[in-house]
Protein chains: 2
Amino acid sequence: MPIAKFEEIRSLPLFSGTRDESFRALVRGAYVQNFPPHTELAVEGEPADFLHIIVSGSIELFSQWQGRETSMSFLGANDTFILAATIKDRPYLMSARTLEKSRVILIPSEDIREVFENDAEFAKAIVIELATCYRQAIKSAKNIKLRASPERVANYLLKLRCKNGGADCFALPFEKRRIAEFLGMTPENLSRSFAMLKSKGVSVNGQEVHVEDIDTLTEFAHPNPLIDS
Amino acid sequence: MPIAKFEEIRSLPLFSGTRDESFRALVRGAYVQNFPPHTELAVEGEPADFLHIIVSGSIELFSQWQGRETSMSFLGANDTFILAATIKDRPYLMSARTLEKSRVILIPSEDIREVFENDAEFAKAIVIELATCYRQAIKSAKNIKLRASPERVANYLLKLRCKNGGADCFALPFEKRRIAEFLGMTPENLSRSFAMLKSKGVSVNGQEVHVEDIDTLTEFAHPNPLIDS
DNA sequence: CGGAACGTTGAGTTCGGTCAATGCATGTGG
DNA sequence: CCACATGCATTGACCGAACTCAACGTTCCG
């Protein structure tokens, strides 16, 4: 496998400190793949044979139980999944599907574990990535357990606004039904939350969001860095 | 600080592969402390100056927002907290309090980060510990998002039964109010769930639980290794 | 021009939370 | 030893939040 194909990930935080020799060992058995939208890349319960790194596109992690389904997180370019399963050599806890056309690099889990043993810088990068994922999971749990659904929606909009550089007008990044699942509510309820947030100076038309009164919205949402980062 | 004081943790998975030299560096600035019940050891939002390792006793991790509070997890002997904050040098996301008299070892976060850089075996142990915590957090989120409250209670009882060697009679390990918070419900609702589970062959008297019909309970709970491990 | 998927809205129901009263166990001080 | 206070657990009544189901409008595609 020519290393040139992987130049696009060489500079990612996960590999930036990695020795050239280690990097070559990582990409030796790796391959790049393009997936169409709505393709399942991983199914929960299956063994974690590859670490996945997203080059472009977007991917949803979700879980199912007894016919119910919930979104766990949305990933984009440069994100990885599912590192913990790779490290522990255990089955996936979540399934993954593409939301749009996506380009993904797959690295055999064994290679990850091997390089991890021999390259301290790579090990450090892995740990930081894992710690970040863990803290994100804790924040998500706090969001679900401590907030009512309109509060979760309000804080989600504030986060989106922030990601868009603080503009008062921006687009929802995914279908509303996906956002609803992610926020732990039904699509119907998300609609009602949007309707209710009109009184807080928010208007939603299709994918487009207008925040007309940031102060009122913020006062209602009570955003907190220990939940919303 | 005499190394003898720390012999009790030398054999923990986190340190079992660590070189003697590294271990000495870790315990040099460390200290052991005994805390009475209901003592706060950490407050969310504060900087993570120490990694905590529980020698004995039990500790609750919890979070607050807008006057509301929720239990995030219960820890016991040999568990650590809060590793991710130590690694990333960021504030705690959760507060910690003792539930009973507890003995805890505190290691300065800087020492952890330093030894991590120089001892590959220790780094590996850290990563495994972190990956375990992360997967536990994911399981917990799935439990909350995918299950109704009586289902969470039923599965919690099955897990307790398992921890007690499969005996059909065992004691709840904490106050019911704490268990309720942990399971994402009110104490009143936990009572009602217990009442409802009578029809599934469960009787709860005070701290004592009797599982009289494991098959019926299991059929209702639908336990899943990807949630309940 | 259908047909399909999504989003919204309304009506009805269920689940879970709030509040208040009671019971029970524990602990304290007289 | 008793009287009393305190805190937890339970129960019932009530309320509100969120889910279900159904209907309808819209958009997007074939």
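As the structure is a computational prediction, the values presented were derived from the model and not from experiment. Each chain gets a letter, A, B and so on, in the order the sequences are listed, and its residues count up from 1.
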First and last nucleotide of DNA chain D touching chain B, 5' to 3', heavy-atom cut-off 4.0 Å? dC8(D) to dA13(D)
Can you establish whether the number of heavy atoms outside Glu219(A) located under 6.0 Å from its atom CD is more than 12? no
Ser95(A) and Gln64(A) side chains, donor-acceptor separation under 3.5 Å: no
Consider only side-chain N and O atoms of Glu129(A) and Thr80(A), and report whether a donor and an acceptor are under 3.5 Å apart. yes
Without decimals, in angstroms, what is the distance between Lys176(B) NZ and dA25(C) P? 12 Å
What verdict does the side-chain contact (heavy atoms from CB on, under 4.5 Å) test give for Val104(A) and Thr98(A), after you've listed the backbone C-alpha separation in whole Å, the side-chain angles of each residue and the deciding distance to 0.1 Å? CA-CA 10 Å; Val104(A) 177; Thr98(A) 55; 5.7 Å; no
Do Lys142(B) and Thr70(A) meet the criterion of a side-chain donor-acceptor pair at a distance under 3.5 Å? no
Below 4.0 angstrom, which residues in residues 181-196 of chain B have at least one non-hydrogen atom near DNA chain C? Gly184(B), Met185(B), Thr186(B), Glu188(B), Asn189(B), Arg192(B)
Check for a donor-acceptor pair, side chain of Ser149(A) on one end and backbone N or O of Leu190(A) on the other, with a separation under 3.5 Å. no
So, Asp168(B) and Arg161(B), do they make that salt bridge, N to O below 4.0 Å? yes
State, with a plain yes or no, whether a side-chain heavy atom of Phe81(B) is found less than 4.5 Å away from one of Ile54(B). yes
Nearest whole angstrom, please: distance from the P of dA5(C) to the CZ of Arg178(A). 13 Å
For the helix from dC1(C)-dG30(D) to dG30(C)-dC1(D), what is the angle between the axes at its two ends, each from 5 pairs, rounded to 10°? 30°
Look at atom NZ of Lys163(B) and say whether more than 12 heavy atoms of other residues, nucleotides or ligands are closer to it than 6.0 Å. no
Would you say that more than 12 heavy atoms from the other residues, nucleotides or ligands in this model lie under 6.0 Å from the CZ of Arg90(A), or not? no
